[in-house]
There are 2 protein chains.
Amino acid sequence: MTAHTLRYYERVGLIQPVGRARNGHRRYSLADEAWLHFLHCMRATSMPIRAMQRYAELRELGDSTSLERRKILEDHQAAIAAQIDELQKAHSLLTHKIANYRKIEQRIRIGGPQTAEPEVDCTLASAS
Amino acid sequence: MTAHTLRYYERVGLIQPVGRARNGHRRYSLADEAWLHFLHCMRATSMPIRAMQRYAELRELGDSTSLERRKILEDHQAAIAAQIDELQKAHSLLTHKIANYRKIEQRIRIGGPQTAEPEVDCTLASAS
DNA sequence: CCTTGACTTTGAGCGCGCTCGAAGATGTAC
DNA sequence: GTACATCTTCGAGCGCGCTCAAAGTCAAGG
């Protein structure tokens with residue numbers, strides 16, 4: 001996380017104006033760091049800035065906003081589950097395709113039949 | 001995948017100029033569809049367009065490019081594994097936080113102690 | 001014939017999330 | 001004392017991946 005990014009997050013209200021040293025330089029407290037870590041974690045899993053802004057806003061308003069905040073997190077958790085699913089599918093598709101490339105390379109090395117088998121391999125069409 | 005996106009992919013060379021009906025309208029073959037499915041799958045897992053362009057380019061050049069293509073796929077597979085990891089971490093963090101919100105809501109419902117316990121919960125700092 | 005609607009082309013525009021650059025104040029090291 | 005780095009503010013710019021608008025062509029239906 002760069003300094004620029006931190007400034008940006010402050011500008012857009014993801015973090016409250018942070019404490020300053022006597023010279024005006026920012027001093028991030030442990031609480032700030034924890035919050036930033038959380039933000040980082042959400043961003044790393046593609047939570048939109050807008051959602052994070054909403055969440056941050058509610059957080060300022062205290063416990064009475066628990067329900068909506070929980071909803072936001074639950075929605076994002078569902079999004080994460082969906083992402084994991086897609087990633088796993090892609091991962092296994094790639095495993096198949098990579099194996100196929102190894103076969104091709106093998107054929108090339110041993111000067112085997114240059115007409116490739118017409119790719120009947122993976123369940124998901126593998127379009128070279 | 002919208003028509004706009006298909007045009008875009010054609011423009012940037014992700015798909016070869018596709019066959020046309022007599023009237024000039026595009027006709028996507030099954031091979032085209034398979035390839036598009038693959039592209040979609042890679043995009044859905046955040047492969048950059050640039051990488052896909054490179055891959056598509058090599059694909060046009062035939063089997064001799066197998067090694068580099070395989071490398072691209074292996075790299076992306078590694079990226080996917082890393083993503084899954086982050087997503088899982090975030091998922092479990094959210095499980096903790098959501099549970100915490102349920103507790104808060106419980107306290108509110110029963111009119112319990114309004115001073116929240118100072119959040120000692122998750123391993124990852126949970127910064128409300 | 002005329003409308004409607006789906007396609008075609010081209011280039012421009014947009015939303016997101018940073019990312020950077022300039023100009024200035026302050027701190028640390030020699 | 002004088003470099004030099006490091007922070008500050010501000011607004012502008014950028015890369016990515018679409019997304020859209022405008023203007024034109026063609027095919028079928030009423």
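Lettering of chains follows the sequences in order, A, B, ..., and the numbering in each one begins at 1. Here the structure is a predicted model, which means the values were calculated and not measured.
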Can you tell whether the side chains of A:Glu74 and B:Arg102 come within less than 4.0 Å, N to carboxylate O? yes
At a heavy-atom distance below 4.0 Å, which nucleotide of DNA chain C is the first touched by chain B, and which is the last? C:dC7 to C:dA12
More than 12 heavy atoms of other groups within 6.0 Å of A:Arg20 CZ: yes
Pair A:Asp63-A:Ser66, side-chain donor/acceptor within less than 3.5 Å: no
Would you list the protein and nucleotides 7-9 of chain D atom pairs, both N or O, that sit under 3.5 Å from each other?
from  : atom 1 : to      : atom 2 : distance (Å)
D:dT8 : OP1    : A:Arg26 : N      : 2.6
D:dT8 : OP1    : A:Arg26 : NH1    : 2.9
D:dT8 : OP2    : A:Arg7  : NE     : 3.1
D:dT8 : OP2    : A:Arg7  : NH2    : 2.4
D:dT8 : OP2    : A:Arg26 : NH1    : 3.3
D:dT8 : O5'    : A:Arg26 : NH1    : 3.3
D:dT9 : OP1    : A:Arg20 : NH2    : 3.0
D:dT9 : OP2    : A:Arg26 : NH1    : 3.0
D:dT9 : OP2    : A:Arg26 : NH2    : 2.6

Enumerate the salt bridge (Lys or Arg N to Asp or Glu O under 4.0 Å) contacts for residues 76-86 of chain A, please, sequence neighbours excluded, ordered by first and then second residue. A:Asp85-A:Lys89
Do A:Lys71 and B:Tyr101 form a cation-pi contact, if we require the NZ or CZ to be under 6.0 Å from the six-membered ring centre and within 45 degrees of the ring's axis? no
For residues A:Asn100 and A:His96, determine if any side-chain heavy atom of one lies less than 4.5 Å from a side-chain heavy atom of the other. no
Of A:His40, A:His76, A:Gln77, which meets side-chain hydrogen bond (donor to acceptor under 3.5 Å, both in side chains) against A:Thr45? A:His76
Please check: side-chain N/O of A:Trp35 versus main-chain N/O of A:Leu14, any donor-acceptor pairing under 3.5 Å? yes
What's the CZ-C1' distance between B:Arg22 and D:dA28, to the nearest Å? 16 Å
Between B:Arg11 and B:Asn23, which has a closest nucleotide on DNA chain C that is more 5'? B:Asn23
